[in-house]
Amino acid sequence: MRAVQVVRLDGPEAVEVNEVEEPKATGDQVLVDVEAAGVVFPDLLLTRGQYQMKPELPFLLGSEVAGTVREAPADSGFSAGDRVAALPVLGGFAATVAVSAETVFALPDEVSFDIAAGLPMNYLTAHFVLETRSHLAAGETVLVHGAAGGVGVACIQFAKARGATVIAVVSSEGKGEVATAAGADHWVPVEGFKDAAKELTGGRGVDVVVDPVGGDRFTDSLRSLGDDGRLAVVGFTAGEIPTVKVNRLLLNNTSVVGAGWGAYASKRPGFMHRQWDAIRDDVAAGRLAPPISATYPLAEAASAIAELAERRVAGKVVIRPREH
């Protein structure tokens, strides 16, 4: 079968589409014929050797997929022909992939494969960040950094589905429009976001900040919080890892919480399936649905990944492995 291989750690231009052996399912694995594969930030990092997981070269790329079950163990809960989304972590940019049943999720009939390919990583992350770690309640206000990115859009949609008000922080008017289309009540530019958030909340401050960016905006994120506010650290796409002056937490009774979904879920069998059950109705109703910004055939996978590298993404980039 044809699949995307990383042959050198030189970024997107180092990936190749090659003929490889079709995978065979072993143990608890489900064999999935892939109709669509979502491109995520870890895929880009893997092409550069910058991800925490460092597979041996050459390796197959592709973290999340949607498609149809070809075969599955009898006790997996899946059968041939089932429509699913899945998180293989590696190997998803291919016609077929073998995935642990732990990370395969039954797909509502209403949801297209393109949409489904953008659901598992970002939307289970959003559930973890806002519900498991930040204990978001209806009526609270959430400030989302990187709001036009995949995790940002997922957090906007999840917060709105749970009855929150959302302030999106973006770097351009175009990204503000993306955030608004996702459901954000307000969008504000990065410059001056703290003062804008205070003004929009009548001086009270926000209840939750979602920060996948880090860098030099972190201190102003802390200052944006109201009493009992929570700042969820999701990642550091800005590159710089900030530090916390804990006197700020003491004086304002605020919290900084780590929100490392992958590390948490990997230690708790069944957790991802419980998360999926918690969001499934919202997925079926279309309340949780990544906007698709571009689709690519497998042969143009390098261009698809380069969209993330060049920060041109305003929605989900999808690869269709069965398109030539």
Side-chain angles (χ1 to χ4, degrees), residues 41 121-171 175-176 179 182-265 275:
F41 197 63
M121 187 167 288
N122 289 338
Y123 286 81
L124 295 184
T125 294
H127 174 275
F128 179 70
V129 170
L130 288 170
E131 187 154 306
T132 307
R133 298 297 291 146
S134 301
H135 308 294
L136 178 67
E140 290 192 314
T141 300
V142 181
L143 184 145
V144 180
H145 286 290
V151 171
V153 166
C155 285
I156 289 170
Q157 291 182 346
F158 184 85
K160 293 304 297 178
R162 293 299 184 267
T165 297
V166 177
I167 301 170
V169 180
V170 294
S171 58
K175 290 184 176 181
D185 298 278
H186 314 279
W187 70 265
V188 299
V190 174
E191 283 296 320
F193 76 85
K194 172 181 67 74
D195 294 336
K198 288 286 188 180
E199 184 176 342
L200 288 167
T201 56
R204 183 181 58 83
V206 302
D207 299 290
V208 176
V209 172
V210 176
D211 185 7
V213 178
D216 57 9
R217 67 179 73 179
F218 186 81
T219 298
D220 276 350
S221 291
L222 280 177
R223 291 169 172 159
S224 301
L225 293 170
D227 288 348
D228 199 28
R230 293 88 73 197
L231 190 160
V233 177
V234 183
F236 313 104
T237 59
E240 180 188 340
I241 298 176
T243 56
V244 181
K245 292 188 174 180
V246 295
N247 63 309
R248 296 189 189 281
L249 311 183
L250 175 67
L251 293 172
N252 298 313
N253 290 294
T254 53
S255 306
V256 175
V257 297
W261 166 70
Y264 186 96
Q275 285 189 287

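Note that the structure is predicted; figures quoted are calculated from it, not measured. Excluded from the calculations below are hydrogen atoms, water molecules and symmetry mates; all remaining heavy atoms, backbone and side chain alike, are included.
- Remark: Arg133 pairs with Phe128, Val257, Ala259 by the side-chain contact (heavy atoms from CB on, under 4.5 Å) rule, at least two apart or across chains.
- The ring-ring contact (aromatic ring centres under 6.0 Å, His included) check on Tyr123 picks up nothing, with sequence neighbours excluded.
- Residues passing the side-chain hydrogen bond (donor to acceptor under 3.5 Å, both in side chains) test with Arg204 are Asp207, sequence neighbours excluded.
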For residues 218-230, tabulate all N or O donor-acceptor pairs below 3.5 Å that involve a side-chain atom, not counting sequence neighbours.
unit_1	atom_1	unit_2	atom_2	d
Asp220	OD1	Arg223	NH1	3.3
Ser221	OG	His145	NE2	2.8
Ser221	OG	Arg217	O	3.2
Ser224	OG	Asp220	O	2.7
Arg230	NE	Ser134	O	3.0
Arg230	NH1	Glu140	OE2	3.2
Arg230	NH1	Asp228	O	3.3
Arg230	NH2	Ser134	O	2.9
Arg230	NH2	His135	O	3.3
Arg230	NH2	Glu140	OE1	2.8
Arg230	NH2	Glu140	OE2	3.4

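- Here Ala265 pairs with Trp261, Phe271, Met272 under the side-chain contact (heavy atoms from CB on, under 4.5 Å) rule; sequence neighbours left out.
- Pairs engaging residues 141-152 under the salt bridge (Lys or Arg N to Asp or Glu O under 4.0 Å) rule: none recorded [sequence neighbours left out].
- For the side-chain hydrogen bond (donor to acceptor under 3.5 Å, both in side chains) test, no residue two or more places apart in sequence or in another chain qualifies with Asn122.
- For Ala184, the side-chain contact (heavy atoms from CB on, under 4.5 Å) criterion is met by Ile156, Val166, Ala168, Ala179, not counting sequence neighbours.
- Sorted by first then second residue, the salt bridge (Lys or Arg N to Asp or Glu O under 4.0 Å) pairs that include residues 143-153, not counting sequence neighbours, number zero.
- Separating the NE2 atom in His127 from the OG1 atom in Thr132 is a distance of 5.0 Å, to the nearest 0.5 Å.
- Among pairs with a residue in residues 241-260, none fulfils side-chain hydrogen bond (donor to acceptor under 3.5 Å, both in side chains), at least two apart in sequence or across chains.
- The closest side-chain heavy-atom distance from Leu143 to Phe193 is below 4.5 Å.
- Listed by first then second residue, pairs satisfying side-chain hydrogen bond (donor to acceptor under 3.5 Å, both in side chains) with a partner in residues 182-201 read Lys160-Asp185, not counting sequence neighbours.
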